[in-house]
Amino acid sequence: MKGLPVSPFGQTDESALLEEIDRFLASGAHQDNPLRDLLVRLLTLHRQQNERLLRLIHLSDGYHDLGRMQSASLAQRLERHLHRLEKLARISDRYQDQLRSLNDALLKSSLKDPLTELGNRRYLMERLGDGHFPASNPTEPCCIAMLDVDHFKRINDGWGHEIGDETLKHIASALRETIRHSDIIGRWGGEEFLLIFPATELAEALVIAERIRQAIMAISIAHPLGPVTVSASIGLTLRRHDEPLTITLSRADEALLQAKRTGRNRTVTD
């Protein structure tokens, strides 16, 4: 028990002393020492008191921390809450912007034909109902044309569906390049396209339709078996006063059938 380490403050190092006592008790030479049992009980009591003291210290530290938190001013706590709310508001604004962007993208996607990138049938029906088909102004003329690719099945069967798709893309490009800025075009379905000519009399619409037909005839797609050419038949009609949209479309379709019956590659007016 002699020669124990001393701390810089002149006190015996506690941990070294406890290690010395543990070695003393573990030694077989001291098993019969009458003081051994008292030393064991004293050491046990010391360690229990140390544990209680450590728990009290932890509790005291916790109360000190709580006291420091409670001593913060009301203004500081309000400012922290305001910062949190501002952050949440910014996150909410970004989330709302993302939702609006996603909604706009989905809407545009739902109105577009993925192959030709023209408007699809839904797009055309919406445009016919938003003033471009002037039910509210019966004095303003409006023409509608149905266009159908001639012998399109032969193109798919003879050159393959890939060339068929390429043909539809070329026709879409010809339509974009030929129509006026105010005209509306879209893929009606399959190899059919719908054209809307707002504020246009039948004679003027016929000139535009013929220009479109000629542009389609000029299409030539390179292929190892020879160039692929194409033509189209067009049925054109003028909207009539107080006529339902379905009737106007039906008359345009009937004019298209007449163009096909009379030899194809032509424009027929109703």
Side-chain angles (χ1 to χ4, degrees), residues 107-108 110-152 167-219 229-270:
L107 179 60
K108 290 178 181 177
S110 71
L111 299 175
K112 181 181 288 187
D113 173 56
L115 177 64
T116 64
E117 296 190 348
L118 296 176
N120 57 18
R121 192 185 189 107
R122 178 182 174 186
Y123 162 82
L124 290 165
M125 292 302 293
E126 286 192 6
R127 299 309 297 270
L128 286 169
D130 70 1
H132 292 279
F133 192 76
S136 59
N137 186 4
T139 62
E140 185 178 54
C142 180
C143 291
I144 287 183
M146 286 276 193
L147 183 152
D148 186 79
V149 182
D150 294 331
H151 302 298
F152 186 70
T167 300
L168 294 175
K169 291 179 183 178
H170 276 73
I171 291 173
S173 296
L175 288 170
R176 289 191 194 94
E177 293 169 3
T178 309
I179 63 170
R180 304 167 304 178
H181 178 72
S182 59
D183 297 333
I184 300 164
I185 55 173
R187 188 179 179 190
W188 192 244
E191 65 271 21
E192 280 193 339
F193 298 82
L194 185 73
L195 301 88
I196 307 169
F197 306 112
T200 306
E201 295 286 357
L202 188 60
E204 185 181 2
L206 179 58
V207 172
I208 303 168
E210 278 295 287
R211 193 161 62 231
I212 290 170
R213 189 178 63 82
Q214 294 291 334
I216 292 173
M217 283 182 64
I219 292 172
T229 58
V230 66
S231 66
S233 300
I234 303 173
L236 177 65
T237 190
L238 175 69
R239 171 190 177 269
R240 295 173 182 170
H241 178 57
D242 289 338
E243 181 178 65
L245 173 59
T246 54
I247 301 299
T248 306
L249 293 172
S250 179
R251 286 195 296 102
D253 192 54
E254 183 59 36
L256 172 61
L257 292 176
Q258 184 64 21
K260 287 183 170 294
R261 292 192 196 103
T262 54
R264 291 185 170 83
N265 191 22
R266 65 192 63 208
T267 302
V268 171
T269 59
D270 173 74

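The first residue in the sequence is number 1, and the count goes up from there.
Closest approach of Arg239 to Asp242, counting heavy atoms only: NH2-N, 4.1 Å. Lys112 and Asn120 make their closest contact through N-ND2, 3.5 Å (heavy atoms, listed as atom of the first residue, atom of the second, distance). Between Ala199 and Glu140 the shortest heavy-atom distance is CB-OE2, 3.6 Å. Counting all heavy atoms, side chain and backbone alike, Ala145 lies closest to Ile234 at CB-CG2, 3.9 Å. Between Tyr123 and Leu111, the shortest heavy-atom contact is CB-O, 3.2 Å. Between Arg266 and Arg264, the closest heavy-atom pair is NE-O, 3.0 Å.
Using a cut-off of 4.0 Å between Lys/Arg side-chain N and Asp/Glu carboxylate O, Arg213 and Glu210 are scored as salt-bridged. By the 4.0 Å N-to-carboxylate-O rule, Arg211 lies too far from Glu177 to be salt-bridged with it.
Considering CG of Leu257 and CE of Met146, their distance stands at 10.0 Å, rounded to 0.5 Å. One finds the CZ atom of Arg240 at 14.0 Å from the SG atom of Cys142 (value rounded to the nearest 0.5 Å). Note: Ile184 CD1 to Ile144 CD1 = 9.5 Å, rounded to the nearest 0.5 Å. Going from atom OG1 of Thr237 over to atom CD1 of Ile247 covers 11.0 Å, rounded to the nearest 0.5 Å. In this structure, Ile179 CD1 and Ile208 CD1 are separated by 9.0 Å, a value rounded to the nearest 0.5 Å. Expressed to the nearest 0.5 Å, how far CZ of Arg261 lies from CD of Gln258 amounts to 5.5 Å.
A side-chain donor-acceptor contact under 3.5 Å links Arg187 to the backbone of Gly190. Looking only at distances, a side-chain donor or acceptor of Thr262 sits under 3.5 Å from a matching main-chain atom of Ala259. Panel note: side chain Asp270, backbone Gly235; no donor-acceptor pair is recorded below 3.5 Å. Looking at Thr200, its side chain does come within 3.5 Å of a backbone N or O of Pro198 through a donor-acceptor pair.
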Between Leu115 and Lys169, is the side-chain contact (heavy atoms from CB on, under 4.5 Å) condition met? List the steps. CA-CA 7 Å; Leu115 177 64; Lys169 291 179 183 178; 3.4 Å; yes
Passes side-chain contact (heavy atoms from CB on, under 4.5 Å), Leu175 versus Leu195? Steps please. CA-CA 9 Å; Leu175 288 170; Leu195 301 88; 3.9 Å; yes
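The side-chain heavy atoms of Ile171 and Ile219, taken from C-beta on, include a pair separated by under 4.5 Å. By the 4.5 Å heavy-atom criterion applied to side chains, Leu128 and Thr248 are not counted as neighbours. Residues Leu249 and Leu194 meet the side-chain proximity criterion, which asks for heavy atoms closer than 4.5 Å. A 4.5 Å side-chain heavy-atom check between Asp148 and Glu191 finds at least one atom pair inside the cut-off. Side-chain contact between Phe193 and Leu168 is present, with heavy atoms from C-beta onward closer than 4.5 Å. Using a 4.5 Å heavy-atom cutoff, the side chains of Ile216 and Leu147 are in contact. In this structure, the side chains of Arg176 and Leu118 come closer than 4.5 Å at one or more pairs of heavy atoms.
Screening Asp150, Thr267, Asn265 against Ser233 for a side-chain hydrogen bond (donor to acceptor under 3.5 Å, both in side chains) leaves a single residue, Asp150.
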